[in-house]
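As structure tokens, the structure follows; a few thoughts come after it.
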Amino acid sequence: MRNIRIYTLFLASFWLVACASSSPSVPAGTPCVAASFSVVDSFPGARRGRCDVRGADHVRLTILPEDTGYINPSPWYAFKIVPTQAGRATVTLNYKVGKHRYEPKMSFDGLAWTSIDATQVTISNNEKQASINVMLDTRTVWISAQELITPPIYDRWNNAIAAQYDVQLSQLGLSLRQQPIHVLRSESDSPDVLFLVGRQHPPEVSGAFAFFAFFEALMADTDTANAFRDRFDIVAIPMLNPDGVIGGNWRHNSGGTDLNRDWGPFTQPETQLIRDLLDDMDATGQSIRLFLDFHSTRRNVFYTQDDDNPTRPPRFTRTWLANAKPRVPFYDFANDENPTDKVGVSKNYMYSRYNIPASTYEVGDETDRNAVQRAAAMFADELMKLMLQPDLFE
Ligand SMILES: [Zn+2]
């Protein structure tokens, strides 16, 4: 009996040693080295979590959100695979919080992205695990929940817009971690303002594609857009939460706060910039006439005011979206008119402060990006046409 126990103990310790040597576990921020590749998370937007090596060509990542506060189930992941030899790589995403949501995308340069074919992704029945298989050559591969639209990409876009159009680009201020937050303003003398905000929520990249296309349509050299820019000023903040984007956060800024629940309380540096900007605009006689906040969710939907919350002008958003609908047959969307009582949400704050049409422009996580951009341009065109109708915004 005693011998058997010793033998069992010996076996157990043998397996412990064996497992320790063949299955190293490294925390986030440390390269995770398997025999045929490494998994790296040292770039803006990365989120990999703890990494366990399961075999020569297999690692498992523990996917966790940025903090332990209440968090929307937006389980972001992004990492690089650096091969040491060509062949198959399997990365298992192990969700400790939430379930697999975002269809993985891959890139060889961090700029051009393709979806990983669904046949290469195995999702467990409870959706708590997703295993991604890729064939490696010698190139580094980025794998990410969505395309990496990080501050350097915004900088490039902002600078291109400012160079190409009559738009002033300036720094509105700094995030909690001292990252610049930029604002674009059209150079109009009009006191009447269209106000746009983007990227309060880090994973909401499809909304960023809509934001870019929407803004570019406002800048277009068309009769409508030219007339619009004469009549209205445009103030746009493309990315309010750079810290969250850089951190690969699911939801929050670096202060553990959902910025889109902080309009009104204004507890964070990012939302305080909004408060100060609005106060400034009010003080200088500018008048915000319409507000749009770009986001992503599981479907294409606009969250707007209902009849119990009349806007100036009345039923504007309903008319706008109805006008746009026949022009976007390739883009299914809903208009969810809902109460305005949820505290801290940008659209509700802007509605209650100004009684203006204020909408959350939500784009489906996986909506075709080309459709997102084409539709955004149509929505912008129809918005401008309606806002230009005589007497509507007098
Ligand atoms: Zn959002």
Side-chain angles (χ1 to χ4, degrees), residues 45 47 65-67 69-78 97-99 101-103 144-151 154 175 181 195-215 236-268 270-271 273-274 291-305 317 333-351 358-367 369 372 375-376 379:
R47 178 164 291 272
E66 58 271 22
D67 56 56
Y70 170 77
I71 204 122
N72 180 283
S74 312
W76 177 265
Y77 53 87
V97 176
K99 294 177 176 177
R101 168 170 169 178
Y102 299 111
E103 295 173 10
S144 182
Q146 298 285 21
E147 300 88 338
L148 285 170
I149 310 293
T150 52
Y154 278 91
S175 69
I181 294 170
F195 195 104
L196 311 177
V197 173
R199 211 68 187 279
Q200 297 202 70
H201 293 147
E204 300 186 3
V205 167
S206 60
F209 282 106
F211 180 98
F212 294 145
F214 195 96
F215 190 88
I237 301 167
M239 178 178 50
L240 190 62
N241 188 3
D243 292 357
V245 171
I246 291 168
N249 289 3
W250 292 18
R251 187 74 169 181
H252 295 158
N253 72 339
S254 55
T257 299
D258 182 341
L259 295 180
N260 202 30
R261 300 292 180 272
D262 194 45
W263 290 52
F266 298 123
T267 64
Q268 301 299 304
E270 295 86 353
T271 41
L273 292 173
I274 295 284
F291 173 79
L292 292 175
D293 183 7
F294 290 76
H295 288 256
S296 305
T297 187
R298 294 169 194 273
R299 65 200 170 108
N300 306 323
V301 56
F302 292 82
Y303 295 126
T304 66
Q305 285 73 48
T317 309
F333 69 94
N335 175 10
D336 282 9
E337 299 178 354
N338 54 30
T340 60
D341 49 5
K342 210 189 231 176
V343 173
V345 173
S346 67
K347 91 171 199 320
N348 297 341
Y349 179 80
M350 295 299 277
Y351 171 73
S359 307
T360 313
Y361 184 140
E362 298 269 8
V363 179
D365 295 328
E366 310 295 351
T367 306
R369 303 313 192 224
V372 170
F379 284 120

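Only heavy atoms go into these numbers, but all of them, side chains included; no hydrogens, no water, no symmetry mates. Just so it is clear, the structure is predicted and the values come from calculations on it, not from any experiment. As the structure lists them, so they are numbered: ligands from 1, and atoms in each ligand from 1.
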Between the side chains of H295 and E204, is a donor N or O closer than 3.5 angstrom to an acceptor N or O?
-> yes
What N, O or S atom of H201 is found closest to the Zn ion (ligand 1)?
-> ND1
Please determine, by modelled atom types, if D258 and H201 share a side-chain donor-acceptor pair under 3.5 angstrom.
-> yes
Take F212 and Y154 through the test ring-ring contact (aromatic ring centres under 6.0 Å, His included) and record every step on the way to the result.
-> CA-CA 10 Å; F212 294 145; Y154 278 91; 5.3 Å; yes
Report the name of the N/O/S atom of H295 located nearest to the Zn ion (ligand 1).
-> ND1
Does any donor atom in the side chain of N348 or T340 lie under 3.5 Å from an acceptor atom in the other side chain?
-> no
Among the N, O or S atoms of E204, the one nearest the Zn ion (ligand 1) | OE1
